[in-house]
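Below: the structure, in structure tokens.
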Amino acid sequence: MNDDVSQNLVVFRIKGLPEPVLASAPTQAEDAVEQAWASIRQQHKVRGSAVLAVYSEWQPSAADQKFMAKNFRKAECTYSFARPGPGEWDRAFAEARTAMAEAEQRKSAEEILPVLWSASSPRAGLLDALPHRPLVPGKLSVALAVVSRTPEGKIGMHHITRHQQEEMGAPLEKLLDVGFSSLVRGLKFEVRSSGEDVLVSLARENQLAASALALPDLHAQLTPHLGTGDLIVGLPCPDEMYVAREGSGLADTVREQVLSSPYETTELVPSVLRLGSGGLELLAERSGSAESRG
């Protein structure tokens, strides 16, 4: 959100452009959205008919609403702050600053984290509304959520939707980088040995340790403990990850633990994967009391 209340941030989602684009104009201007669009049109050489959605931090004026109805006929238009009447701007700006300060205070206790989604999950239909990246195409993806502790000490989670991403004005890759940075803070690797077999477990105080599967350098981080060969990764729930060398006795144990996991399926179905230097392969998922192979 824009800190300068005197400037109205306007975000456009445009057909053919991979990410939302944004511009600003004086908040009190009757044609703030039109000014912002003129800047975007000049910069990107696009037509109004290509605009799919518009987010204006401040409610557009009657003149801007008429302009948008004429030029962005199919676009969804949203805003955060109501436009005040004549002589009410000082009050509106003060209220907006207070709201922004409170939002920042809440954010200080929040973090953006990656969340794993199984295509076989009963909730998988919701993924269409979320920006996400495939990890195993057609089978497993990673999206993002804002996670915080509730006053009762529980973990609260709000998935980031495509609309919210537009409001943030940030590309998916940047948000994933933020999520990965938050995830690795507090991520702990515990190494256990049983003869020649080695088991690495990942845990995290604020949960979602299984999301480490999406880290670009996970295989490299595990190599010092497990060698350079293929690994078997077990995800019995979103908060736990177990890794062993493929072919080892502990790999069979990991598989058994996952497929018998009592975890109630939400976004992630308990899964067994192969992780190598070339990427991921889904081997099995828990399905009731039986496994279904990928």
Side-chain angles (χ1 to χ4, degrees), residues 1-4 7-25 32-33 35-58 68 72 74-80 100 103-104 106-108 110-117 119 124-148 157-185 187 208 211-218 267 279-280:
M1 189 169 286
N2 179 27
D3 291 335
D4 183 1
Q7 288 291 307
N8 183 32
L9 182 68
V10 186
V11 181
F12 299 88
R13 182 156 61 89
I14 300 174
K15 184 177 181 180
L17 295 185
E19 303 293 343
V21 292
L22 55 92
S24 61
V33 174
Q35 286 187 46
W37 171 244
S39 175
I40 295 297
R41 185 178 58 186
Q42 181 178 13
Q43 182 179 355
H44 294 277
K45 311 299 181 187
V46 289
R47 297 177 178 271
S49 58
V51 176
L52 303 174
V54 180
Y55 165 74
S56 174
E57 208 163 38
W58 289 85
M68 289 189 293
F72 314 140
K74 298 181 180 180
E76 176 191 11
C77 300
T78 56
Y79 64 88
S80 294
M100 290 177 180
E104 286 301 314
R106 288 193 299 271
K107 285 180 182 178
S108 65
E110 298 174 342
E111 55 184 353
I112 293 177
L113 290 172
V115 179
L116 300 180
W117 284 77
L126 299 174
L127 193 59
D128 290 339
L130 311 179
H132 60 277
R133 177 204 285 172
L135 296 177
V136 181
K139 297 180 180 180
L140 185 68
S141 298
V142 60
L144 293 152
V146 177
V147 181
S148 62
M157 179 186 298
H158 302 281
H159 295 291
I160 295 177
T161 64
R162 294 186 187 277
H163 173 67
Q164 289 169 329
Q165 181 196 3
E166 290 169 8
E167 291 184 345
M168 294 174 179
L172 175 59
E173 294 307 311
K174 182 176 180 180
L175 290 177
L176 283 171
D177 286 345
V178 172
F180 293 153
S181 296
S182 297
L183 182 70
V184 298
R185 289 196 296 269
L187 189 64
L208 294 180
S211 294
L213 185 72
L215 293 175
D217 62 344
L218 178 63
E267 295 83 8
L280 287 164

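Values below: all heavy atoms of this structure, side chains included; hydrogens, waters and symmetry mates excluded.
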Close side-chain approach of [X] to [Y], heavy-atom, < 4.5 Å:
X	Y	answer
V51	I40	no
H163	T78	yes
E76	L52	no
L127	S141	yes
V10	V54	yes
I160	I112	yes
L215	V184	yes
L208	V147	yes

If you take all heavy atoms of [X] and [Y], which pair is closest and at what distance?
X	Y	result
P134	P137	CB-CA, 4.2 Å
A124	A119	CB-O, 3.4 Å
V46	R41	O-CG, 3.2 Å
A212	L218	O-CD2, 3.5 Å
S211	P114	OG-O, 2.6 Å
A75	A53	CB-N, 3.9 Å

Just how far is it from atom [atom1] of [X] to atom [atom2] of [Y], taken to the nearest 0.5 Å?
X	Y	atom1	atom2	answer
Q165	M168	CD	CE	8.5 Å
E111	S182	CD	OG	5.0 Å
D4	L9	CG	CG	10.5 Å
K45	R47	NZ	CZ	12.5 Å
S148	M157	OG	CE	10.0 Å
L135	W117	CG	CH2	13.5 Å

| task | Please report the C-alpha distance between H132 and V142 in whole Å, then the side-chain angles of each, then the deciding distance to 0.1 Å, and finally whether the side chain to side chain contact (heavy atoms under 4.5 Å, CB included) criterion is met. | result | CA-CA 6 Å; H132 60 277; V142 60; over 6 Å; no

| said: Would you say E267 and H159 are linked by a side-chain donor-acceptor pair, where the criterion is simply a distance under 3.5 Å? | reply: yes

| request: For the residue pair N8 and S56, confirm or rule out a side-chain donor-acceptor distance under 3.5 Å. | output: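 S56 and N8 do have a side-chain donor-acceptor pair below 3.5 Å.
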
| field | Matching residue for L144 among L172, V115, T161 - test: side-chain contact (heavy atoms from CB on, under 4.5 Å) | value |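 Option passing the side-chain contact (heavy atoms from CB on, under 4.5 Å) with L144: L172.
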
Taking the side chain from [X] and the backbone from [Y], do they hold a donor-acceptor pair closer than 3.5 Å?
X	Y	value
R162	D128	yes
S39	A23	no
E57	S80	no

| Is the F72 ring parallel, tilted or perpendicular to the F12 ring (thresholds 30°, 60°)? |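 Perpendicular.
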
| request: Starting from the C-alpha separation in whole Å, work towards a yes-or-no answer on side chain to side chain contact (heavy atoms under 4.5 Å, CB included) for V21 and H44. | output: CA-CA 9 Å; V21 292; H44 294 277; 3.5 Å; yes

